[in-house]
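Below: the structure, in structure tokens.
Proteins get letters first, then strands, A, B, ... in listed order; numbering begins at 1 in each.
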2 protein chains.
Amino acid sequence: MADKAVPDIVVGRLPIYLRALTYLKADNREITSSQELGDRLGISSAQIRKDLSHFGEFGKQGTGYDIAHLERNLKAILHVDRMWDVVLVGAGDLGHALAAYRGFAGRGFRIAAVFDKDPAKIGKPIGNDLVIEDVATLADRVREQGWQIAIIAVPADQAQLVANTLVQAGIRAILNYAPITLMCPSGVRVEQIDPAAHLQHLTYYLG
Amino acid sequence: MADKAVPDIVVGRLPIYLRALTYLKADNREITSSQELGDRLGISSAQIRKDLSHFGEFGKQGTGYDIAHLERNLKAILHVDRMWDVVLVGAGDLGHALAAYRGFAGRGFRIAAVFDKDPAKIGKPIGNDLVIEDVATLADRVREQGWQIAIIAVPADQAQLVANTLVQAGIRAILNYAPITLMCPSGVRVEQIDPAAHLQHLTYYLG
DNA sequence: ACGAATTTGTCAATAGTTGCACAAATCGCA
DNA sequence: TGCGATTTGTGCAACTATTGACAAATTCGT
């Protein structure tokens, strides 16, 4: 049963499956099952089988899934069987943390450039081998390099402006850390990370 | 129509509504409508009305919602009509960024303490008026202070261990930045933030 | 070689979520 | 005052997602 339009909620779980497979492989495991994956992820085995079945048949009855094989397939499905350049806007504390984060490389991403508007920061080194660039040059650089993915890590009151610039310059996917809902044209996908919102979700359940 | 067991997906949207209301209030607006909120958040007005209706009747037909009134009610529903102490474990780049983050205070949270296991970091200042403490003392400090919420910002291979310690010490809600699915007993709620997973979700849609 | 034990992929059933549409309430203005 | 324009809260219908159950395929031990 291959693709007719996979639900977004299913797509959102694939990176979690991929992550789990990578850990299993690092543990020198070769075979796993929907049961084992589900137990590790707190998801029912039926859901995992159903999710994967949207993309093909990856398992073997009686045996389970070949970890390396399924990992390779999930990477291809998510298009992370290649390296993506990501442009980071905002070189505050969060921007510095993201620029230095070691977790992106193994999962298909490389911070290609960092921009900020603070003249005191422009020209300063950041991360491992980057230099903070002037946000005034952002649009030109995005166009020139053909970057398609951006991370926004600027204050909330500047996020929409930055997003507009990025979209205008051709960015097609944005990971937004500013605590504001970005308005972007369809065709540009946005994912939002807001730690305070997550914490508030949690406190609902704390009497 | 007040509570019988509100769907978790509805609870997850409340912080977004609250965030939007706070911006409207900062803009000196007094009244809004489900239509306006929906337009700003990319959500249908019907969904906003239905979500809110789980908790009571906050609007006025023909007029809309009093922003300050609804904001107050949402804060009470989410239990952020008070300040919560949050314990942060991990003082790497991300830990430093979270300790310094100015966005928590206005939304009900205060980083109360930061722990790390690196002897070179213990005793060093972090954030505005905190000092990094030894993770060996984490359990005792959590019990002694009665902290209920924790943020985990340690490497993946130590996250489960830290989580176990926290749960043992009485923590009931965890925001986990480590790229691994934590196994916690029911009664402990976990939210996960994994930037690389979000980026992979996005790249699925980039041919 | 055979039977018991696994495990997949999928169909059908259940459960959950969203959107439509409208009565009822309110407002603003002539 | 009275009428048209708004806007809520909700019943219902449409849609989406999850789970249960099982035939078919495979493995493993005897």
Using the salt bridge (charged side-chain N to carboxylate O under 4.0 Å, His left out) rule, take B/Arg72 and B/Asp81 through it: C-alpha gap first, then chi angles, then the decisive distance, then the call.
CA-CA 8 Å; B/Arg72 228 175 307 114; B/Asp81 51 352; over 6 Å; no

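- In this structure, a donor-acceptor pair under 3.5 Å is present between the side chains of A/His69 and A/Asn73.
- Protein atom CD of A/Glu57 is 10 Å distant from nucleotide atom C1' of C/dT10, rounded to whole Å.
- One finds a salt bridge joining B/Arg29 and B/Glu36 here, because a Lys/Arg side-chain nitrogen approaches an Asp/Glu carboxylate oxygen to under 4.0 Å.
- A donor-acceptor pair is defined here as one N or O able to donate and one able to accept, closer than 3.5 Å; no such pair exists between the side chain of B/Trp147 and the backbone of B/Arg141.
- Checked by atom type, the side-chain pair A/Ser45/A/Arg49 shows a donor-acceptor distance below 3.5 Å.
- By the 4.0 Å N-to-carboxylate-O rule, A/Lys121 lies too far from A/Asp134 to be salt-bridged with it.
- A salt bridge is defined here as a Lys NZ or Arg NE, NH1 or NH2 lying under 4.0 Å from an Asp or Glu carboxylate O, and B/Arg189 with B/Asp8 meets this definition.
- Partner of A/Leu74 under the side chain to side chain contact (heavy atoms under 4.5 Å, CB included) criterion, out of A/Val80, A/Leu52, A/Thr22: A/Leu52 alone.
- Counting to the nearest Å, the C1' atom of C/dG16 and the NE2 atom of B/His54 are 11 Å from each other.
- Using a 4.0 Å heavy-atom distance criterion, A/Ser34 is classed as a sugar-phosphate-only contact.
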So which protein nitrogen or oxygen atoms get under 3.5 Å of nucleotides 18-21 of chain C's nitrogens or oxygens?
residue : atom : partner : partner atom : Å
C/dT18  : OP1  : B/Arg13 : NH1          : 3.2
C/dT18  : OP2  : B/Arg13 : NH1          : 3.4
C/dT18  : OP2  : B/Arg13 : NH2          : 2.9
C/dT18  : OP2  : B/Gln47 : NE2          : 3.0
C/dT18  : O5'  : B/Gln47 : NE2          : 3.0
C/dG19  : OP2  : B/Ser44 : OG           : 3.0
C/dG19  : O6   : B/Lys50 : NZ           : 2.8
C/dA21  : N6   : B/Arg49 : NH2          : 3.3

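- Here the P atom of nucleotide C/dT8 and the CD atom of A/Gln35 are 8 Å apart, to the nearest Å.
- Rounded to whole Å, the distance from CD1 on A/Ile48 to P on C/dG9 is 12 Å.
- Across residues 59-77 of chain A, A/Gly59, A/Lys60, A/Gln61, A/Gly62, A/Thr63, A/Gly64, A/Tyr65 each have a non-hydrogen atom less than 4.0 Å from an atom of DNA chain C (numbered order).
- The listed nucleotides are C/dT8, D/dG9, C/dT17; the one nearest the side chain of B/Ser53 is D/dG9.
- Rounded to an integer number of Å, the gap from CG of A/Asp8 to P of C/dT17 is 16 Å.
- One interatomic measurement links the two molecules: CD1 of B/Ile31 to P of C/dT26, which rounds to 14 Å at whole-angstrom precision.
- For the 3.5 Å distance criterion, the side chains of B/Gln47 and B/Asp51 fail to qualify, holding no donor opposite an acceptor.
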